[in-house]
Each structure stands twice: as C-alpha cells, then as structure tokens.
Amino acid sequence: MKEVKEVLHETAHHFDSAEQEFDACKTGMWIFLVTEIMLFGGLFVGYTVFRNWNPELWKLASEYILDWKLGALNTLVLIISSWTMVMGVYSAQTSNLKALKRYLLLTILLAGAFMVVKGFEYTAKFDHHAFPVAADYSESKTLVIERGFTLHSDQETDPVKRAELKKIEDIFNKDTQGNTKNLNVFMGFYFTMTGIHGFHILIGMGLLAWLYVRACRGEFHKQYFTPIEMVGLYWHIVDLIWIFLFPLFYLVG
Amino acid sequence: MSEGHHIIPAKIYTRTLYALLFLTVITVAAAQVDLGSPLNIILAMIIAIVKGSLVCCFFMGLKYDRPLNSVIFACSLIFLFCFFLLTFADLATRGEFDPEKALRDPDGQINYKEVEHKDHNTQAKEPDAETPLHEEKDSKETPK
C-alpha cells in the first residue's frame, strides 16, 4: 500500500487556536444533537400516550407482529458499529490511518447490515398487511392467522383456541372503548419511529463514506480529526435512540 | 490541538462495548420472564438508561469532555422531562369520556353508522342500518 501524505489542516481565521476551533465544533454538534433528542422525544411522548390508552394492543402487537430476534440482532449490530466508530476516532487521534480506514469501512458495513435486517422486517409487515393506515378487518385476521392460528375464530372448533383467537381479534380491531380499529395506531408509531431512525442511519452511512474518502486523502491525523469526532457523536446518538426503541417496541409487551 | 486534548484509551471503549453487549443480553432475557406489566417496562427502561449513560459517558466522551457539553445535553433531558410531565398532567386530569353515551341519539338509540364495527356480529339484526361496503363483503365471506 502506498504511503498517504498527511494533509495539514489550517485553522479557520476566526479562531484563536486549533483547540478552540475543535471545542466550538463540538459544542455546536451537541446543540444539534439536542434537536435530535427533541425530535425523537416528541415521538416518545406520543408513543407513551397511545400505549397508555391501548395497553393490550401494544402487548399483542409486539408479541405477534414484531420479531424480537431481528430487533435484538439489530441492537447488537448497532452497538458494535458504535464501537467500530469510536475505534475509528481513536485511530485518527493516534494517526493510525490504516486502522481508521478499516474501522470506517466496518462501520459502514454494519450500518448496511442494520438496514438490510430492517428491510426484511418491513417487507414482512407489508406481507402481513400490518400497515400504519386503518387495516381491513379481514386482512388483520389473516395476519394473526399466519402467526400460529389456522382458522377464523368463527370457524375454530377448539373452544380454548377459539376464545383466544377471538380475544386477539378484538384487541387488534377495537380500542379500550371497543369502537375503533386500532392496529394502525401501533403500526403508525412503529413505522414512524423506526423509519425516521432508519433515515438517520442512511444519512450516517453517507457521512461515513464522505469521511472514508477524506481519510484516503490523508486529511485526518492526530493534528486534525474534528469531522471524525463529530460524525462519531452523531452515530452514537442514533445508537442511543435505538437503545430505547428496541425494548419499547420489541420487548415490552 | 493534540496537546491538551484527552485521548480516551482504546481499552475503555472495548470495555464499554462488552458492558453494552452484556446489558443487551440481560434486557432480552428479562423480557422473556413475565414480571407483570409495570415491572417489565420499568426494568427494561432502567437497563436502557444504563446503556444510554454508558454510550454518553464513554463513546460520546462526556465524562472526559468540557462540562459545557454535558450541561447542554442535560438541558435537553430536563426539557424532555417537562414535556412528559405536562402531557401526563393533562391526561391524568381529564374527565371521563363515554363514547357509548356520546354516540347515542337524544332518544337513546345507538347510531349504527358510527359503531358498526363494534357490534360486528350482531349488526345483521338491524337490516335498515346503513352498512359500509367492506362489512357486507366480510359477512358474505364468513359462512365459507
């Protein structure tokens, strides 16, 4: 591999020193991250309100519609990608260009893996007609049936199974007052929150690719690694949000 | 910039990774045990908060960073808490709403147009009630 020459970074003229420039960047980044927390915070408040109103729906939907194994897999993928990201930052801080490029590439790959798993999950939801819009009664029946039941509750002969299936049908289609079709409420929150999160992952992949190109040019070394550190912070906040999304959607029923 | 800038040792990152992976396993395992509705959620949230704190302190370096950044971050959490608090103060102090009552006409008749899917199986007894298309389709399919 040919040696890449380190490109010196010139501190912008309005800063006294490189250190001041770095600190200003970092504080600015944190202020941006606060806006991200506010964006998802609003969604989490909405989630809590609607979950409070439909506790049984939430329990059944997370049990029957979401696959916690895929969610757990994605959690592991994202946590490991957060580690490869910090190792990238560390490599830049110690001027280890080769390791920096390797870790950046690994992070992009893990982010891609996350999106692929997400893609499989979304496809399964669409196949089961679990849409964020009001689902047709008969179609959400199909969805329940595919997850372990063979017949409509009307046609089920085993009385125990029939009662259970009837209960599930009722909860998926009626709210606590018993008069609204509401599986779409859960799916709405699921698609909105994981969708916006997934969009952040895609943006992160773009930023990481940009860092990789710049790293190849030798722009990052122990004298200058601000962009690596900033994208790292962004990447961790995306991981942080997933740490909360995962138990709230996949585990807690 | 390298002078005076704290470089967090790689060992700390690796330990944080192990802790996060471990906590993920714990949270998944805890969810398989039914501890009762509120306890499961509280436990999962406590683990998530611990994981989040690890990410913030070590991966994001707040522990070694200038306090200003921690203050900014803490402010966002305080405001988020206010958001939750005010929303639930509102919800907790609302009066009861009975849609059964709300949907009845002044003479006490239930307006079937609005509650059609509630009495899904009994609405056939009301031949005059207006029935939406998909209901008809559905009731025809059921006998098959």
Side-chain angles (χ1 to χ4, degrees), chain A residues 17-19 21-23 26-27 30-31 33-35 37-38 41-42 44-45 48-49 52 55 59 68 72 75-76 79-80 82-83 85-87 90 93-94 136-138 152 154-155 173-174 177-181 222-224 229 232-233 236-237 239-240 243-244 246-248 250-253, chain B residues 1-5 7-10 13-14 16-17 20-21 24-25 27-28 30-31 37 40-41 44-45 47-49 51-52 55-56 58-61 65-66 68-69 72-73 75-77 79-80 83-84 87-88 91 97-100 103 114-115 117-118 120-121 134-135 137-138 141-142:
Chain A
S17 64
E19 175 136 22
E21 184 188 52
F22 177 81
D23 286 338
K26 204 165 183 183
T27 298
W30 269 104
I31 291 170
L33 295 186
V34 163
T35 69
I37 291 168
M38 287 294 132
F44 277 116
V45 171
T48 318
V49 170
N52 230 16
K59 190 173 167 57
W68 68 265
T75 309
L76 296 180
I79 285 174
I80 295 169
S82 250
W83 176 76
M85 187 70 231
V86 282
M87 290 311 287
Y90 178 78
Q93 287 170 337
T94 51
D136 190 285
Y137 187 78
S138 53
H152 281 191
D154 327 15
Q155 295 166 2
N173 291 286
K174 294 166 188 175
Q177 278 86 38
N179 55 18
T180 315
K181 297 180 179 181
K222 65 175 187 281
Q223 305 296 333
Y224 181 70
E229 177 107 15
L233 286 177
H236 299 315
I237 207 89
D239 182 29
L240 185 70
I243 284 175
F244 283 90
F246 168 58
L248 284 176
Y250 294 85
L251 293 182
V252 183
Chain B
M1 177 169 57
S2 61
E3 303 82 22
H5 186 88
I7 295 177
I8 303 169
Y13 290 143
T14 314
T16 310
L17 171 71
L20 288 171
L21 293 177
T24 304
V25 173
T27 192
V28 168
S37 171
N40 269 105
I41 300 172
M45 282 301 99
I47 297 173
I49 287 166
K51 281 167 81 180
V55 170
C56 290
F58 299 108
F59 280 179
M60 298 173 102
D65 210 351
R66 299 189 168 224
L68 174 64
N69 294 334
I72 291 170
F73 180 57
C75 280
S76 80
L77 297 183
F79 278 97
L80 191 58
F83 193 179
F84 268 96
T87 306
F88 283 90
L91 289 174
F97 171 68
D98 185 358
E100 285 275 310
L103 288 171
E114 314 253 358
V115 291
H117 42 262
K118 183 192 169 240
H120 185 260
N121 297 320
H134 72 274
E135 284 290 331
K137 196 179 74 187
D138 205 36
E141 276 169 3
T142 326

Non-hydrogen side-chain atoms of A/Ile237 and B/Met60 separated by less than 4.5 Å:
yes
Per-residue contact mode, B/Cys56 against chain A (heavy atom under 4.5 angstrom)
side chain
For B/Leu80, is it the side chain, the backbone, both, or neither that has a heavy atom closer than 4.5 Å to a heavy atom of chain A?
both
By side-chain contact (heavy atoms from CB on, under 4.5 Å) - contacts of B/Phe88 (at least two apart):
A/Thr48, A/Val49, A/Asn52, B/Phe84, B/Leu91
So, the part of A/Phe246 with a heavy atom under 4.5 Å from chain B: the answer is side chain
Sub-4.5 Å side-chain heavy-atom contact between B/Lys51 and A/Thr75
yes
Counting C-beta onward and ignoring hydrogens, is there a side-chain heavy-atom pair between A/Lys222 and B/Ile7 closer than 4.5 Å?
no
Between B/Thr27, B/Thr87, B/Ile47, B/Asp65, which residue shows the highest count of heavy-atom pairs closer than 4.5 Å to chain A?
B/Asp65
Comparing B/Val55, B/Ile49, B/Ile72, B/Asn69 against chain A, the one with the most heavy-atom pairs below 4.5 Å turns out to be B/Asn69
With a 4.5 angstrom heavy-atom cut-off, which part of A/Ser82 approaches chain B: side chain, backbone, both or neither?
both
What part of B/Thr24 is in contact with chain A, defined as an atom under 4.5 angstrom from a non-hydrogen atom: side chain, backbone, both or neither?
side chain
Where on B/Thr14 is there a heavy atom nearer than 4.5 Å to chain A: the side chain, the backbone, both, or neither?
both
Below 4.5 Å from any heavy atom of chain B, which atoms of A/Leu33 appear? Answer side chain, backbone, both or neither.
side chain
With a 4.5 Å cut-off on heavy-atom pairs, point out which of A/Ile37, A/Thr35, A/Val45 contacts chain B the most.
A/Val45
